[in-house]
Structure formats: C-alpha cells, structure tokens
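Just so you know, these numbers use all the heavy atoms, side chains as well, and skip hydrogens, waters and symmetry mates. Numbering of ligands and ligand atoms starts at 1, following listing order.
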Amino acid sequence: WRDLRPSLRESLFLEAANLMGTQSDRLTEILIDEVGSTVLKANYEVHHAQAFVRGIAGECRRLFGDTYRSDYPNVHSYCVRQPLGVVVAISPFNFPLLLAVRKIGWAMAAGNCVILKPSEVSPVVALTLAEIFTQAGFPPGVLNVLPGDGADLGDSLIVDRRVKKVTFTGSTAVGKKIAAKCAANMKKFTLELGGKNPLIVLDDAELDYAVDTAAFSNFMHQGQVCMTGSRVIVEASIYDEFLKGFEKKVRGLRVGPPRDPSTVVGPLIRSEQPRKIQACVDRAVVDGARLLCGGRYKGNYYEPTIVADVTPEMDLFQTECFGPVAAVTRARDFDHALQLANDSCYGLSAALLTNDLEKAMSGSERLQAGMVHINGPTIRDEAVVPFGGVKDSGIGREGGQFALAEFTELKWVTIQKGRQGYPF
Ligand code: NAD
C-alpha cells in the first residue's frame, strides 16, 4: 500500500466517493437507525463525508518533501515524508460516518494501513464504510474495522508495538488516558476532543441572523456536536432583545422521531444522557440562572432548552453536556465577552457575530480556540482546513496537508557527490 502509485490511490478514493453517492440512501438509513440522526443531519453527514473522501483523493498526490542548501560541500540534502505503518483510529458516536472518514482517510492517503475502532454504539456505520471501501477496490488489510468496547480493546491496541500512531476523536477524559498510554509507549498521537464553544453576539450584530446562528449552533444533532456553540455570550445592550427572539425560535423547533423529515431535535444517544443534562440545568437554576424554555425530557428526548443569566462559576458554563441546552451569558462589553469566552478549559471552536471589522480581527486573534468563525456558526468543517482545538480540546490538526504531516514521518536524506574529507 505504501508503494502504490499516487494516481492509483487517488482513483480508489474517488471510486469510494462515487459508491458513497450511489449508496447514500443506505448510509442515511443507517445513520438514522443507529445513532438517532434526524433526516436533515443524516443527509448532511453523508453529503459531507462524500465530499471529504473526494478532498482526500486529491491529497494522495501531495506528499511533499523539501530540499536544503547544505553547508557540506557537494552534498545534496533533502527530506521525504514516509508513512508511519499501522495507525489506530478511535472514533466517537455522534458523526460516525464523517468522523470515521476523517480518521481513516488522510492516514490511508499518506500510505498507512488503519485499524478503525468505532464507538461501541455505532459499529454498523463503520462496517458499511469498510464494505464500500472494499467494493471500491482497496486491497485487503488496508482498512480494518474492529468493533468493540473502547475500554476493553483500547489498551491492547495502543500498547502493541506494531501500532505506530493513535488518532483519537472523543471525550477529553478518554483522550487524556490515551495520551498517557501513548506517551508511555513512545507513540505519536492526535487528539480531537470536547468543547464548550463560545458564540459571541456583539451589539452591532444583525439580531435575526444571530438568533438563527445560535439555534443552528446549539440544536444541530440535539447538541451532540463537539463544536456546539453552547455558551452564547451576548452584549448587555441587546441581551433582552436577543433572548426574546431566541426563545421564540427555540420554542418552534420540532422535537420528534428522527425519521420524520420535519424533526429538528431527535433523541439523545444514551438513556442516561437526559438525566445528566437535567442535573446540570437544575443546578444552574438553583444557583441563580433562569430557565427560559425546555428543561424537561421524556425517554431519550430532551426538549431544546435555553438557560439565561449563566455565569462562569456554574457547571453549565464549564462542562460539556452534549445535549440541546444553550447557556446564555450577559457580557458588559466586547472585552468582557472575550474574557468570558476564554474562561474555559476548552478551546475548540468559537464564533463572533459583529459587523465591526476591528473587533472581528481583534477577536479572531484573542479568542483561545483552534477555529474562529466570524459571522458564522461554531459548527463548520471541511476537508482541507486545519481542524482541531487548543487547551483541553486536543492536540494536532486534521485536514489536508496538516493531516498528512500528522500521519507521516520526516526523513532527512543526504547524498554525497565525490568524497568527503575527514580530520583523521
Ligand atoms: P467517548 O470518549 O466516550 O468515546 C470515543 C471513543 O473512545 C469510542 O470509540 C470509545 O469506544 C473509545 N474509548 C472509550 N474508552 C476508551 C479507552 N479507555 N481506550 C481507548 N478507547 C476508548 O466519546 P463519545 O461519547 O463517543 O463522543 C462524544 C465526545 O467526543 C464529546 O466529548 C465530543 O466533544 C467529542 N468529539 C470531538 C470531536 C472533535 O473533532 N474534536 C468530534 C466529535 C466528538
């Protein structure tokens, strides 16, 4: 696999993308059945995953090296990027198709073979993806799927000497354990972890757009997205007006079974999730926050919820709850908004809504996040960008050239023309 010509490797990825297109209905159905994706989310995920595979295909030709002017006389000096060998990819449940593609794609494009360990609750999506890659002509052994419990399988995969790198997407708690094991075993690792992402609305922002942006950033896939904009930070002068519009919008979001095309908010993945979220919301209210809407659940369905007047001391401000709960916080001014945004152990994505160019530029520089979106939602992802977080949100980047760098080892090579002279 490592020696396959780039054009052949590229054509395999393109064929896989085509097959994902012809089998998109099948993939959509599985995403609805297996992880409770709404029709909207499932379609979005399939489309996006296919676009990623196409993007990855193009990268197969871009394993670039470099040349250096050597200080040694008559020496040709350069470096090459070489695949690592076997990569273990561990993926979460929430976007099981898209994230599996992101985990395996660049690793394989760079010439590595991959063992994908999908979430224990979403093995069928991963196995179907592998089936499609096999149909596309990927040789046996290049992509391997190992379904099972992370805690049971994780250790042996990480410790095995044949595994050269672990790429992990999931919670920060598990990520830290994996990082410690990788370090002890001298393995490379990439971590894409949790977030509690700020969405800042400044007083010059267009209010209706801000409401729509906050709704999309909070309730896409029931808030089960690492980039969910679950800390909405609003400047004081427009705080009440924003809340009025936001509440109206959120009360209108339809909760229902995922297969119903009009559903916006479907079920949460695990039955214990609603209870945990409820406890977090209740605690915030006891501590002085205001419940504007939602705050109740039935089975796995948690109502889209807004909690206002949330402060940094509250758990709801600091903890990723991975559900449809927007915590809204009042900021005195722009500087206070940035201070609030940065008051978090996480640093994945951030959004800033403003028409003030200076504030947009200053905010993008000062926000402690791996990704900042001006006048857009916190949720954005595409194939060739450096996707990733800072602080407890992760280490390393996924996407395009940045991912190829993560999945290759640099080797420095020199070639001596003639003979070098030695001092003895
Ligand atoms: P999780 O951490 O519970 O599980 C993720 C994966 O790790 C699963 O495959 C699981 O089986 C495996 N795992 C669990 N314990 C393990 C261990 N001890 N050793 C090895 N593997 C182990 O996460 P989840 O509930 O599936 O997903 C939600 C989390 O993922 C959230 O925190 C979310 O923010 C994060 N996430 C991050 C990104 C990103 O790109 N930054 C994207 C999606 C989700």
**Q** Would you call the rings of Phe93 and Phe322 parallel, tilted or perpendicular, where under 30° means parallel and over 60° means perpendicular?
**A**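 The rings of Phe93 and Phe322 stand perpendicular, inter-plane angle above 60°.
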**Q** Is the distance between the ring centroids of Phe402 and Phe387 under 6.0 Å?
**A**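 Between Phe387 and Phe402, which both carry aromatic rings, the centre distance is not below 6.0 Å.
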**Q** Evaluate whether atom CG of Asp208 has more than 12 neighbouring non-hydrogen atoms of other residues, nucleotides or ligands under 6.0 angstrom away.
**A** no
**Q** Look at the aromatic rings of Phe95 and Tyr44 and report parallel, tilted or perpendicular, splitting at 30° and 60°.
**A** perpendicular
**Q** Write out the protein residues near ligand 1, meaning a non-hydrogen atom under 4.0 Å from one of its atoms, in order of chain and number.
**A** Ile90, Ser91, Pro92, Phe93, Asn94, Leu99, Arg102, Lys117, Pro118, Ser119, Glu120, Gly150, Ala151, Gly154, Phe168, Thr169, Gly170, Ser171, Val174, Ile178, Glu192, Leu193, Gly194, Cys226, Arg270, Glu320, Phe322, Leu348, Phe387
**Q** Measure up the Phe13 and Phe133 rings against each other and bin them: parallel (under 30°), tilted (30 to 60°), perpendicular (over 60°).
**A** perpendicular
**Q** Looking at His48, I'd like to know if its NE2 atom is crowded, meaning that more than 12 non-hydrogen atoms belonging to other residues, nucleotides or ligands lie closer than 6.0 Å.
**A** yes
